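The structure under discussion appears below in the form of structure tokens.
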Amino acid sequence: MELAKAYDPKSAEEDHYKRWEESGFFRPEINQDPNAKKYSIVIPPPNVTGSLHMGHALQHTIMDVLTRWKRMQGFKTLWLPGTDHAGISVQRKVVEQLRKDENKSPLDIGREEFIQRAWKWKERYGNTITEQMRREGASVDWTRHRFTMDESLSLAVRNVFCTLYDEGWIYRGLRIVNWCPKDKTVLSDLEVKEETKKDGKLYYLKYPVIGSVPGAVATGEFLTVATTRPETMLGDTAVAVSPSDDRYKHLVGRTIALPLTNREIPIIADEYVDAEFGTGAVKITPAHDPNDYLIGQRHDLEQLLIMDDSGKMNAAAGEEFVGLDRFVARAKVVEMFDELGLLEKVDDYEITLPVCERCKTIVEPILSEQWFVKMDEMRDIALDLMKSEGVPHFSPQVPHEKVYTGWLENLKDWTISRQLWWGHQIPAWYDEDGNVFVGRTEAEAVEKAGGKTLKQDSDVLDTWFSSGLWAFSTFGWTGSGSPPYEGGVAAASADGVVLSGAGEKNPVAIAPGSDMSGDLETFLPTDVLVTGRDIIFLWVSRMIMLTKKFTGQKSFEDVVITGTVLGKDGKPMSKSRNNGVDPIEMFDKFGVDATRIYLASIATGADIKWNDIGVETYRNFANKIWNATRFCLMNAEGITVDHASLMVDDMPLPDKWIISRLNKTAIDVNKALDKYEFHTSVSLLYHFFWDDFCDWYIELKKDEINGGDAASTTRIITILEIAIRMLHPFMPYLTEDLWLKLPGTSSELHHPAYKNPVATAPGSDKTVMLTKFPPGDVAAIDERAEREMDAVIDVIKKVRNIRAEMNISTAIKFTVHIAADVGIQDVFRANEAQILKLAKAEALVIAAELDVPRASAKAVTNDARLAVPLEGLIDFDVERTRLNNQITKLTEEKTRLDGQLSNANFVDRAPAEKVGELRDRSVELEGQIATLNQNLTSLS
RNA sequence: GCCGUCUUAGCUCAGUGGUAGAGCACUCGCUUCACACGCGAUAGGUCACAAGUUCAAAUCUUGUAGACGGCACCA
């Protein structure tokens, strides 16, 4: 079989995925070993509004590597895919579409119609990312695809809500919350980010003090307060000073005539106020500031709300202000204070403002009635799990474990209601008097209300509430008895339209009538969660708490936190910076496999600046693998992969050596993957394949293989087959493509758990992804062979060095003289052909001592002395320089060692083994230096 | 303000007590019959800085500088 000269990723990417998926290879049911242990991962569900970015590509690669690796180890493996309904994001898309296409607002069409449109939007555009995941080669079980608004997941949400409400863990309350005036919804603390404004201002407002009795005349005295939000003064209901502030003691108990209003407000004393800060007097706006709210409660102050849900001033702000945007009102307040002579001064002030994570609108703290989850017990659940079992185990552990526990310890209640239409509507109903009835269904609520007519709460739940259930709701848990979810069956929307795209390709491999009702028992707890550090609080922590609370199980044992892929400018990729790199473009340019293995080569958790050259390196690697296979196949007529060929006793040295290297690599790759050190395993595989297998093994064996030596060819093809298996989790397309081309591959080579997969078509059951991942065999490690091979390699390298430094054309063949101990002489003799070929020499003279003319170039290795007679070719100056360079290098090393060895402290205190090691090396160096010096002397 | 991470070859990054590594770029040489997305051979680093612990520090401790991240506060 002849392969193309270069690897073309496109065709491999197009050929294999569909067959894998349709053959059911991604499904745990493919595993026929009743005793197989399970391995499960749930995907962090990407937003349905999303398209693949480099962060996804990184995380998906890690998850797929783990999934494919464990599957090949014979685990009953499930990687469960899905998408998140992404409340605000989808709502915004639909609102925008409505405005553009029909110039209508959501209110124009009403809630029901709006939700219909949202479902349609989701159906039409929500599959972008799932299609892109197929391109990535993600071996997810598409028949188990979940959407956070699937019927069964929605049922789980309602049940969880009701249970938490019944237990008092969910409550409705009036609080200062973060309000986004653009999205017109409340936000949780975690959805609020900060933005520093250097050009902020601090306004000093003079408030006229009046007498101690309400209605008394002004005293002519003023109390100055400083504020960054002057417009909120319209909602002031007090001014507070520190109780220990002598400057203002006499004012406490008196009142202020609040300018621009006709209200009188009290001057109060409260410990919260820091006399040293600003003017020492603070305006108190209980309805628009969290601290003021608390002070207001302590002093029983009125809570005056002066804005509406879009950030415009309402009637309470006064006639002159009603309807004005908060920033227009701010300017007007300042202007009017100035006119009244009450604006003391305006200072420049650097300020950090809270902004909406998504739309960057400045968040307004306002008093509002919302639903909350009480986090006290929730926090304890998570902390206990960490303290008692160390779960989850973070990789990397530092700093995430500490950040996670630290955050838990300071946890505040979670605002879960959102003023949106797209999402899980809160299962709470109200009667005409505002009494609340919580139930799984309207009927249940009505029953609780004694048959009264009720109206459902119009809010929906925070998106993270449903994703917090993801680790178990996806496995069919609903909270209502046995899981009713039927695998692959799409969820239905309110109008009965089949909505989910999942399961449309019901593969033959799924036995008719198979259900997934055992999934919860089988796959929970999941083994590992792979995600970014930005959602540790938003998602990871909540999943840990809610899973434990509702199933009694851990959601996952381990959490792998991936780093951030930064743009070429070293900053996080973002649309506004326009520094993003599209994974799909990389796939097109370098191939999916190259992109994947490059991403896997990044140290776990480390941020990395994107560079195309990194991917190019692995594109070249893919081509190298392709060409190594090409070479093997060119000579493989009548040969088949045969694992017994690696078990024979008397193999030539290069074969013993490569088998030893292969097994060592396999053992180390498995160890690295066990520790989630993906970059270590990539590096091991890269160097094994390129350096050991290609640069040395193929070159050493080339003549035998070209000469039709069947045993050698069988062996190299078999070693290649094992190497391809090890590379498969990282480079699935290339390895599948090549593995299928290897002679003698069949489902007979599959892991015992996959010996008889149900095939859709003859031959299609054959795949590298169901072979056994090489575990590596300690018994196959041959240290002696590795030492001997190193000796041979050293000789070849030294001769090559002589040729290069002496600038001798490869057309000129010369004789190589080797002097060495008797034992190692045999090794050189046995590998004479290899040395001659790779050193491009024509003859080898092996003896105990060198016997060469003066005009020879010389070198030493750890095991031998070398000489190459170069009559008429040698440049003595160059040779002297060569020798001197070597002497210098070795002498430097020896000086350093001897320095250490002459240090009594070192000899006394360092481990004897270490001291012995250094001593041996020093003696060795001494001999080598002496030889080189002799060589130098004999030149002159 | 509190907590944390990073600083290693020109570039992008590995390396966590015992002789400093990779890929790319650079220099030199190769139309060697798998691969120029290649082969061979070199060169290149006071491991940010300072002090300490240790027989021994890129690695541990403390401090300094710079870059970045999280949390809190912000009248």
Side-chain angles (χ1 to χ4, degrees), chain A residues 3 5-7 189 194 200 202-204 225-229 232 239-240 272-274 277-285 289 291-292 349-354 396 398-400 402-403 406-407 410 533-534 536-537 564 566 568 570-572 590 594 598 601-603 605-614 616-635 679-680 683 686-687 694-695 698-699 702 706 797 800-805 807-811 837-838 840 885 892-893 896-897 900 903-911 914-915 917-918 921:
Chain A
L3 263 54
K5 212 170 170 187
Y7 173 53
D189 293 348
E194 278 153 26
L202 189 60
Y203 302 89
Y204 290 76
V225 296
T227 180
T228 55
R229 296 190 293 153
T232 62
V239 174
Y272 166 75
V273 181
D274 176 4
F277 193 94
T279 65
V282 186
K283 58 189 280 306
I284 302 299
T285 323
D289 184 279
N291 289 309
D292 292 6
Y349 190 71
E350 187 180 310
I351 187 171
T352 47
L353 293 169
V398 177
H400 301 110
K402 198 174 158 186
V403 171
W407 178 78
N410 299 297
R533 57 175 97 83
D534 51 334
I536 295 177
F537 305 150
T564 309
L566 307 169
K568 287 167 189 162
K571 304 217 164 99
F590 299 111
Y598 167 63
S601 78
I602 301 166
D607 290 354
I608 190 165
K609 260 183 252 188
W610 182 266
N611 63 333
D612 283 7
I613 287 166
E616 204 180 322
T617 298
Y618 289 102
R619 188 273 314 260
N620 296 348
F621 183 47
N623 192 55
K624 189 76 180 174
I625 298 166
W626 176 269
N627 272 291
T629 309
R630 181 167 180 257
F631 167 76
C632 292
L633 291 179
M634 284 168 78
N635 299 286
H679 63 298
T680 308
S683 170
Y686 183 92
H687 291 292
C694 292
D695 287 351
I698 289 183
E699 296 304 331
K702 202 169 241 177
N706 282 333
K797 286 190 152 196
R800 282 172 172 175
N801 174 272
I802 288 170
R803 186 184 287 279
E805 303 255 312
N807 208 7
I808 296 166
S809 156
T810 48
K837 180 173 169 69
L838 298 191
K840 300 197 190 313
N885 285 345
E892 274 171 13
E893 190 185 341
R896 194 171 44 238
L897 293 183
Q900 260 184 288
N903 180 344
N905 279 326
F906 170 72
V907 178
D908 290 349
R909 302 197 198 187
K914 187 94 252 165
V915 177
E917 225 172 78
L918 261 56
R921 179 64 183 155

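In this text, all values refer to a predicted model and were calculated from it rather than measured experimentally. Chain identifiers are assigned alphabetically (A, B, ...) following the order of the sequence lines, protein sequences preceding nucleic acid strands; residue numbering begins at 1 within each chain.
Contact annotation for T228(A): backbone-only contact, meaning every heavy-atom pair under 4.0 Å involves sugar-phosphate atoms and none involves a base. No engagement by L897(A) is indicated, since no non-hydrogen atom pair under 4.0 Å with the nucleic acid exists. Heavy atoms of E892(A) sit nowhere under 4.0 angstrom from any nucleic acid atom. Among the protein residues, R619(A) comes within range of the nucleic acid bases, having at least one heavy atom under 4.0 Å from a base atom.
Taking the six-membered ring for Trp and thresholds of 30 and 60 degrees, W626(A) and Y7(A) have ring planes inclined between 30 and 60 degrees apart.
Of the candidate nucleotides A41(B), C13(B), A36(B), C13(B) has the atom lying nearest to any side-chain atom of K609(A). Taking the side chain of M634(A) as heavy atoms from C-beta on, and the options G38(B), A34(B), G4(B), the nearest nucleotide is A34(B). Closest to the E699(A) side chain, of the nucleotides A41(B), C35(B), G18(B), is C35(B). In this structure, the nucleotide among U32(B), A41(B), C13(B) sitting nearest to the side chain of K797(A) is A41(B). For A606(A), whose side chain is taken as the heavy atoms from C-beta onward, the closest listed nucleotide among A14(B), G18(B), G38(B) is A14(B). Here the side chain of H679(A) is nearest to one of A41(B), G15(B), C35(B), namely G15(B). Side-chain proximity of T352(A) to G18(B), A34(B), C73(B): nearest is C73(B). Checking C35(B), C74(B), U19(B) against every side-chain atom of R921(A), the shortest atom distance belongs to U19(B). Of the listed nucleotides (U19(B), C71(B), C37(B)), C71(B) has the atom at the smallest distance from the side chain of F537(A). The side chain of R896(A) has U19(B) as its nearest neighbour among G15(B), U19(B), A34(B).
The phosphate of C35(B) has neither OP1 nor OP2 within less than 4.0 Å of any side-chain N or O from N620(A). Between Y272(A) and the phosphate of C74(B), there is a side-chain N or O to OP1/OP2 separation shorter than 4.0 Å. Considering only side-chain N and O atoms, N291(A) lies under 4.0 angstrom from the phosphate OP1 or OP2 of C74(B). In this model, the phosphate group of G18(B) is not approached by any side-chain N or O of K914(A) to a distance below 4.0 Å at OP1 or OP2. Between K402(A) and G4(B) there is a side-chain N or O to OP1 or OP2 distance below 4.0 Å.
In terms of modelled atom types and a separation under 3.5 Å, the side chain of S683(A) and the main chain of H679(A) share no donor-acceptor contact. Without hydrogens or angle criteria, D607(A) side chain to T564(A) main chain gives a donor-acceptor distance under 3.5 Å.
For R619(A) and E616(A), the salt-bridge test passes: some basic side-chain N is under 4.0 Å from an acidic carboxylate O.
The separation between I602(A) atom CD1 and G15(B) atom P is 13 Å, rounded to whole Å. Atoms CD (E917(A)) and C1' (A56(B)) sit 14 Å apart, rounded to a whole Å. Here G40(B) presents its C1' atom at 13 Å from CG of N807(A), a figure rounded to the nearest Å.
Figure legend: cation-pi geometry between K702(A) and F631(A), with NZ or CZ positioned under 6.0 Å from the six-membered ring centre and within 45° of its axis.
Residue P399(A) is the one, among A622(A) and P399(A), whose nearest nucleotide of RNA chain B lies closer to the 5' end (criterion: closest heavy atom). The residue among K837(A) and Y686(A) whose nearest nucleotide of RNA chain B is located toward the 5' end is Y686(A).
Contact of K5(A) with C35(B) (side chain to base): no donor-acceptor pair of N or O atoms is detected under 3.5 Å. Checked by distance alone, R630(A) brings no side-chain donor or acceptor within 3.5 Å of a matching partner on the base of C35(B).
Here C39(B) sits opposite G29(B) as a Watson-Crick or G-U wobble pair (both hydrogen-bonding atom distances under 3.5 Å).
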Start with the C-alpha distance between Y598(A) and N611(A), add both sets of side-chain angles, then the distance that settles side-chain hydrogen bond (donor to acceptor under 3.5 Å, both in side chains), and finish with yes or no. CA-CA 10 Å; Y598(A) 167 63; N611(A) 63 333; 2.9 Å; yes

